[in-house]
Amino acid sequence: MSEVQILQRVNAFLKRQHGHFIDGEMCASVGRAQVEIVNPTTEQVIAHIAIGNQTDVEHAVQSAHQAFIGAWAQTSPYERGLKLNKLADLIEQHGEELAQLETLTTGKLINLARHLEVAQSVIFLRYFASWSTKINGQTMQPSIPSMQGEKYTAFTLRQPIGVVGGIVPWNFSLMIGVWKIGSALTTGCSIVLKPSEFTTLSLLRLAELAIEAGIPKGVINVVTGKGETGQHLIESPLVKKVSFTGSVPTGMAIGKLAMSCDLTRVSLELGGKNAAAILADADLDQVLPTLLQATFVHQGQVCAAPERFFVHRSKYAEFIEKITAALQQIKVGSPLDESSMFGPLSNQVHFEKVKHYLDLAKQNNQVIAGGRVLEGTGYFVEPTLLSVTGTEDPLFIEETFGPVVDVIAFDDEEELISMMNHSRFGLTASLWTNDLSKALRMIPQIEAGTLWINMHTFLDPAVPFGGMKASGIGREFSDAFIDDYTELKSVMIRY
Ligand code: NAD
């Protein structure tokens, strides 16, 4: 099969000398060091990005602060919404360009980049835009006793918190960047984004489109670099809130650093070891296509995707037989080939991490299906199903963030819930059953921020998302994000 033609615009963008996007324009980095951007399919260097130092970060934060107290504060809520909608239109118009940039830097299938990453970025941004005119306080009636006929009233204001530092991972850089931009801008905040060093390009391009959309300069800035650049951002005194999406160890370090910086607010969207439980009544022929798609989308590099399958013992043998057959049908290939069903892992560091887990499984004879690293160029591994030695097995406990799932049998619901909850994480879970009464009794007992019934991994802007336990602090989407991006100011009046 042939690969899609890379747009001239994309090739030209890759060849540019990339700096940071500050105060409405690309500007050269003061920090001299660079990082190579590697295409995970070809292992070739396709661009270089700058590593921002403290001076670069301060420049961006100053610009964001000036925009926050200036042009953006002068923009009415209605106009904020219009501009975010205009940016959504431009993302749609430049969809193929952004999708190709994502595929070239993350190995995401081109159709996934088009129909999930870009399309959902547009949907989420329009959802956030619609909140701009609805960020309101309340009025209250105090009960203070009146001695001389005086009266009291009170109201609250929701005021934007200020400059937000948004730190983004590599798996869905554009979409997660858009979540942070949407939450910040609709509430009246400005933002400095620090994309992942592996997948920086789509957010640099997005910042240019924001200027075209009429979003004032300085409202969205992008400083590129690695972890240290992110640290400078958190440490900046003008950054009032950090919105981080990434791994648990980094999230914990960021949480501690933010607390030590005069209690800078922080929301953390972290990893998971998500459980999908297939109950005794489930029809496997109905379950498997949806479950497989939810599990192996973007080569399993999705925080919400399942990594642990629990199957009722009465269905275990049938499950293993059918899933093994289905995994063999998954066509691995170039992500630019529209007929591929499964591409490479996104970067070499992650490839090495997943290989380590595959080696561990092979040493202990735990591979049920897949398990191979594909020879040749690119960071390709097979979609893999493993058995586990028990609930203390590292393969049961640690997030691989790859296409590596374990399967374990259970006998009753009590045992199932105990095994599902046997994890430091609590991001997502799913139950696959038509027994509504059983599902409703189990839902409150499962430790997960999002629980799906007969589905998994789907996010929607109207439904809050975030983790319990070590999977995070805070919630995104719905109206749940508003508290995190605003100060609630109380006003009491005696009259
Ligand atoms: P990561 O934690 O390694 O890096 C995330 C971002 O943090 C990158 O931009 C990185 O440069 C930056 N960073 C690293 N160290 C830093 C430091 N000390 N200070 C400030 N910034 C720092 O994560 P990753 O490998 O990019 O992403 C994969 C992880 O993200 C997985 O654990 C996955 O589950 C999680 N994730 C969670 C969600 C969610 O919504 N819960 C979504 C996507 C990914």
Side-chain angles (χ1 to χ4, degrees), residues 35 37 49 51-52 54 57 105-106 108 116-117 120 124 165-180 183 192-200 203 222-236 239 242-258 260-261 264 266-274 297-307 345-354 398-402 423-428 448-450 457 459 463-477 480-481:
V35 196
I37 301 282
I49 55 137
I51 298 193
Q54 196 170 2
V57 170
T105 53
T106 65
K108 185 174 293 144
L116 194 143
E117 177 117 44
Q120 286 294 312
F124 274 85
I167 302 179
V168 181
W170 48 258
N171 63 330
F172 283 98
S173 348
L174 181 74
M175 186 170 72
I176 294 174
V178 162
W179 295 348
K180 296 188 190 309
S183 315
V192 178
L193 284 172
K194 207 299 283 170
S196 165
E197 56 272 35
F198 297 107
T199 57
T200 304
L203 284 177
V222 179
V223 180
T224 67
K226 297 187 179 184
E228 213 176 306
T229 309
Q231 279 177 29
H232 293 315
L233 186 57
I234 300 161
E235 283 164 346
S236 176
V239 170
V242 174
S243 170
F244 172 76
T245 305
S247 63
V248 171
T250 310
M252 286 186 170
I254 283 177
K256 283 182 197 154
L257 181 59
S260 72
C261 295
T264 298
V266 64
S267 51
L268 303 170
E269 291 293 343
L270 310 178
K273 187 78 181 173
N274 308 311
V297 59
H298 194 17
Q299 291 75 259
Q301 303 165 125
V302 182
C303 60
E307 283 201 17
L345 297 177
S346 286
N347 57 70
Q348 190 180 8
V349 177
H350 191 53
F351 181 53
E352 298 301 334
K353 177 180 158 188
V354 172
E398 294 169 22
E399 181 191 38
T400 70
F401 203 53
S423 174
R424 68 191 293 230
F425 302 105
L427 191 58
T428 74
T450 298
T457 317
L459 302 187
V463 183
F465 181 72
M468 289 170 67
K469 303 200 282 188
S471 288
I473 296 175
R475 292 290 180 274
E476 307 203 72
F477 321 146
F481 72 99

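Only a predicted model underlies this, so the values are computations on that prediction, with no experimental measurement involved. Ligands are counted one by one from 1 in listed order, and the atoms in each one are counted from 1 as well. Side chains included, hydrogens not; waters and symmetry mates left out as well; all remaining heavy atoms used.
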Would you say Lys194 has any N or O atom under 3.5 Å from an N or O of ligand 1, going by distance alone?
yes
Roughly how far apart are Lys194 NZ and Leu203 CG, rounded to 0.5 Å?
10.5 Å
So does Gly467 get a backbone contact from the side chain of Arg475, meaning a donor-acceptor N/O pair under 3.5 Å?
yes
For ligand 1, which atoms sit closer than 4.0 Å to a heavy atom of Glu269?
37 (C), 38 (C), 39 (C), 40 (O), 41 (N)
Min N/O separation Ile234 to ligand 1 under 3.5 Å:
no
Nitrogen or oxygen of Glu476 less than 3.5 angstrom from that of ligand 1
no
Just checking, any donor-acceptor pair under 3.5 angstrom between side chains of Thr224 and Glu197?
no
Any Ser196 heavy atom less than 4.0 Å from ligand 1
yes
Output the list of atoms in ligand 1 that are nearer than 4.0 Å to some heavy atom of Gly230, sorted by atom number.
20 (C), 21 (N)
Atoms of ligand 1 less than 4.0 Å from Ile167 heavy atoms?
6 (C), 7 (O), 9 (O), 12 (C), 20 (C), 21 (N)
Under 4.0 Å from atom 21 (N) of ligand 1, is there any protein heavy atom?
yes
Run the ring-centre check on Trp170 versus Phe401 and record whether the distance is less than 6.0 Å.
yes
For ligand 1, does Ala253 get within less than 4.0 Å through its side chain, its backbone, both, or neither, judged by non-hydrogen atoms?
neither
Could you tell me whether Glu398 and Lys273 make a salt bridge, using a distance below 4.0 angstrom between a side-chain N and a carboxylate O?
no
Is the shortest distance from a heavy atom of Ser471 to ligand 1 less than 4.0 Å?
no
Check contact between Ile176 and ligand 1, using heavy atoms of the residue and a distance below 4.0 angstrom.
yes
Heavy atom under 4.0 Å from ligand 1: found in Pro195's side chain, backbone, both, or neither?
backbone
May I ask you to decide if Thr199's main-chain N or O and Thr105's side chain share a donor-acceptor pair within less than 3.5 Å?
no
Which atoms from ligand 1 have a heavy atom of Asn171 less than 4.0 Å away?
43 (C), 44 (C)
Ile37 and Ile49: CA distance, side-chain angles, deciding distance, side-chain contact (heavy atoms from CB on, under 4.5 Å) verdict
CA-CA 7 Å; Ile37 301 282; Ile49 55 137; 4.0 Å; yes
Under 4.0 Å from a heavy atom of Phe465: which atoms of ligand 1 are those, numbered in the order shown and with their elements?
40 (O)
Residues in ring pair (Phe, Tyr, Trp, His ring centres under 6.0 Å) contact with Phe425, at least two apart in sequence or another chain:
none
Which of the atoms in ligand 1, numbered in the order shown and given with their element, are less than 4.0 Å from a heavy-atom of Val168?
6 (C), 8 (C), 9 (O)
Judged by atom type as modelled, is there a donor-acceptor pair below 3.5 Å linking the side chain of Asn171 to the main-chain atoms of Gln301?
yes
Please answer whether the main-chain N or O of Cys303 pairs with a side-chain N or O of Asn274 as donor and acceptor at a distance below 3.5 Å.
yes
Atom 35 (C) of ligand 1 - nearest protein heavy atom and its distance
Gly246 O, 3.1 Å
Is the closest heavy-atom distance from Phe198 to ligand 1 below 4.0 Å?
no
For atom 14 (C) of ligand 1, closest protein heavy-atom neighbour:
Thr250 CG2, 3.5 Å
Could you tell me whether Gly272 and ligand 1 have an N or O pair separated by under 3.5 Å?
no
Side-chain touch Val57/Thr229, heavy atoms, less than 4.5 angstrom:
yes
Phe481 and Trp179 aromatic centres sub-6.0 Å:
no
So if I count the atoms of ligand 1 from 1 in the order they appear, which ones are less than 4.0 Å from some heavy atom of Trp170?
24 (P), 25 (O), 26 (O), 27 (O)
Cation over ring, Lys226 on Phe198, under 6.0 Å and within 45°?
no
Looking at ligand 1, would Phe244 count as a contact under a 4.0 Å heavy-atom criterion?
yes
Measure the OG1-CD1 distance between Thr245 and Ile254 for me, rounded to the nearest 0.5 Å.
9.5 Å
Regarding atom 10 (C) of ligand 1: of the candidates Gln301, Lys226, Glu197, which has the closest heavy atom?
Glu197
Heavy-atom contacts under 4.0 Å between Val302 and ligand 1: side chain, backbone, both, or neither?
neither
From the candidates Lys353, Gln231, Glu307, Glu228, the one that places a heavy atom nearest atom 19 (N) of ligand 1:
Gln231
Enumerate the atoms of ligand 1 whose separation from the nearest heavy atom of Ile254 is less than 4.0 angstrom.
19 (N), 20 (C), 21 (N)
